[in-house]
Asks: 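Have a look at this one.
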Amino acid sequence: MTLRHFIHIQDFNQAELLELIALTRLIKEADRQGVTPKLLQDASLGMIFEEPSTRTRISFEVAMTELGGHALYLKPGEIHLGERESLSDTAQVLSRMVDVVMIRALKHETVTGFAAAATVPVINGLTDYNHPTQVVCDVFTMMEHAPAGKSLQDLRVTFVGDATNVLSSLMFICTKMGMHFTHAAPVKYQPPVRWRHIAEENCRTSGGTLTITEDPVAAVREADFIYTDLWWWVGQEDEIPDRRVAFMPTYQVNGELFGRAPAHCKFMHCLPASRGVEATDEVMDSPRSIIFDQSENRLHAEKGILTWLVYPRLQRPTPELRAYHAGRIQSFLDARS
Ligand code: CP
């Protein structure tokens with residue numbers, strides 16, 4: 001069957017993403033009743049992390065366990081990734097031993113280069129460009145928390161803050177889904193033209209809209225969801241003073257800015273957060289904050305993504321075939337003793 005990777009939201013059409021979200025919902029409903037089906041029985045996931053992670057690591061590992069499979073945590077220094085062994089060779093070796101690989105990489109090219117040589121599905125667990133697994137979870141979470149009577153295509157999502165890897169994927173998935181996406185940030189921290197072109201092309205097909213503005217108050221006025229992310233990340237330490245001046249206080253999601261949004265508006269953050277920087281405790285801990293529903297939904301969404309990619313590829317032998325081979329091997333061993 002055709003090998004599919006999960007590297008970029010743009011690799012999927014709207015119908016496929018909706019199917020993935022519908023699968024995630026079914027799996028979450030099963031999980032709520034304690035009956036997650038063992039759809040990935042005996043399957044293995046290799047997880048490569050070049051950066052730390054809480055949610056991504058734990059959600060993928062627990063997802064594999066609950067689906068009947070197994071996950072291996074592989075960090076640089078413990079495997080020969082790009083040092084002493086080429087990326088391509090590592091990808092081909094892992095492909096012979098595991099059923100799926102998830103990579104969190106410093107550079108997006110590491111994930112695409114690995115996938116080019118792999119013969120099993122490769123999942124992007126965050127790069128310097130994007131974070132597609134996060135935003136599948138986010139749209140699923142928005143559907144769960146949508147205001148009564150609003151369809152997905154009615155939803156208005158406002159991202160306030162830096163044009164991060166999460167922003168890029170969120171902008172792509174919302175515009176692909178036909179939603180109304182607004183980004184509020186100082187001009188210097190708005191998305192590059194090539195990202196906007198992708199999102200604008202999505203809107204032409206889906207009927208969604210894209211607005212990029214410097215005005216956070218106007219941006220939140222009709223928002224159903226306000227989303228923010230860190231203002232700086234690993235490798236941007238030298239930029240912290242400039243970034244703090246550019247964003248604070250205008251782009252901080254605090255009580256005053258949240259108060260400019262409709263009363264039903266929910267607050268979202270992919271986490272980890274710098275509390276008191278991009279968002280205040282007052283907002284993060286408010287009854288309208290859904291940040292921990294988001295975190296929990298990473299687990300359900302990873303189960304959906306893993307199942308969607310891997311289940312169709314697994315061989316499911318009959319009990320008779322299992323018994324035949326077990327019998328042959330046992331006879332061989334018994335003959336020796
Ligand atoms: N949101 C997210 O990807 O969290 P981690 O960095 O903890 O995986």
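Read the numbers this way: they start at 1 and go in the same order the structure lists the ligands and their atoms. This one's a predicted model, so the numbers in the text were calculated from it and none came from an experiment.
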Asks: Among protein heavy atoms, which lies nearest atom 7 (O) of ligand 1, and at what distance?
Replies: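 Answer, as residue, atom name and distance: Thr54 N, 2.7 Å.
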Asks: If you have a sec, work out which protein heavy atom is nearest atom 4 (O) of ligand 1 and how many Å separate them, to one decimal?
Replies: Arg55 NE, 2.9 Å
Asks: Tell me: protein heavy atom nearest atom 1 (N) of ligand 1, and distance?
Replies: Leu271 O, 2.7 Å
Asks: Looking only at the aromatic ring of each residue, does the gap between the centers of His8 and Phe172 stay below 6.0 angstrom?
Replies: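 Ring centroids of Phe172 and His8 are less than 6.0 Å from each other.
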Asks: Evaluate the side-chain proximity of Trp233 to Asp162: yes if any heavy-atom separation is below 4.5 Å, no if none is.
Replies: no
Asks: Can you list the ligand 1 atoms lying under 4.0 Å from a non-hydrogen atom of Arg298?
Replies: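 With Arg298 as reference, the close atoms of ligand 1 come out as 1 (N), 2 (C), 3 (O).
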Asks: Considering both backbone and side-chain atoms of Leu126, is one of its nitrogen or oxygen atoms within less than 3.5 Å of a nitrogen or oxygen in ligand 1?
Replies: no
Asks: Is the contact between Arg57 and ligand 1 made by the side chain, the backbone, both, or neither, using heavy atoms and a 4.0 Å cut-off?
Replies: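 Arg57 to ligand 1: no contact under 4.0 Å from either part.
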Asks: With Arg288 as the cation and Phe258 as the aromatic partner, state whether NZ or CZ is under 6.0 Å from the six-membered ring centre and within 45° of the axis.
Replies: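 That pair qualifies as a cation-pi contact.
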Asks: Just one of Asp224, Thr209, Thr211 clears the side-chain hydrogen bond (donor to acceptor under 3.5 Å, both in side chains) bar with His180, so which one?
Replies: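 So, applying the side-chain hydrogen bond (donor to acceptor under 3.5 Å, both in side chains) to His180 and each of Asp224, Thr209, Thr211, only Thr209 qualifies.
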Asks: Any idea which atoms of ligand 1 are less than 4.0 Å away from a heavy-atom of His131?
Replies: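 Those of ligand 1 that fall under 4.0 Å from His131 are 2 (C), 3 (O).
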Asks: Could you tell me whether the side chain of Thr158 reaches within less than 4.5 Å of the side chain of Tyr227, counting heavy atoms only?
Replies: no
Asks: What do you reckon, are the aromatic ring centroids of Trp232 and Phe247 less than 6.0 Å apart?
Replies: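 No, the ring centres sit 6.0 Å or more apart.
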Asks: Provide, to 0.1 Å, the distance between atom 6 (O) of ligand 1 and the closest protein heavy atom, together with that atom's residue and name.
Replies: Arg104 NH1, 2.8 Å
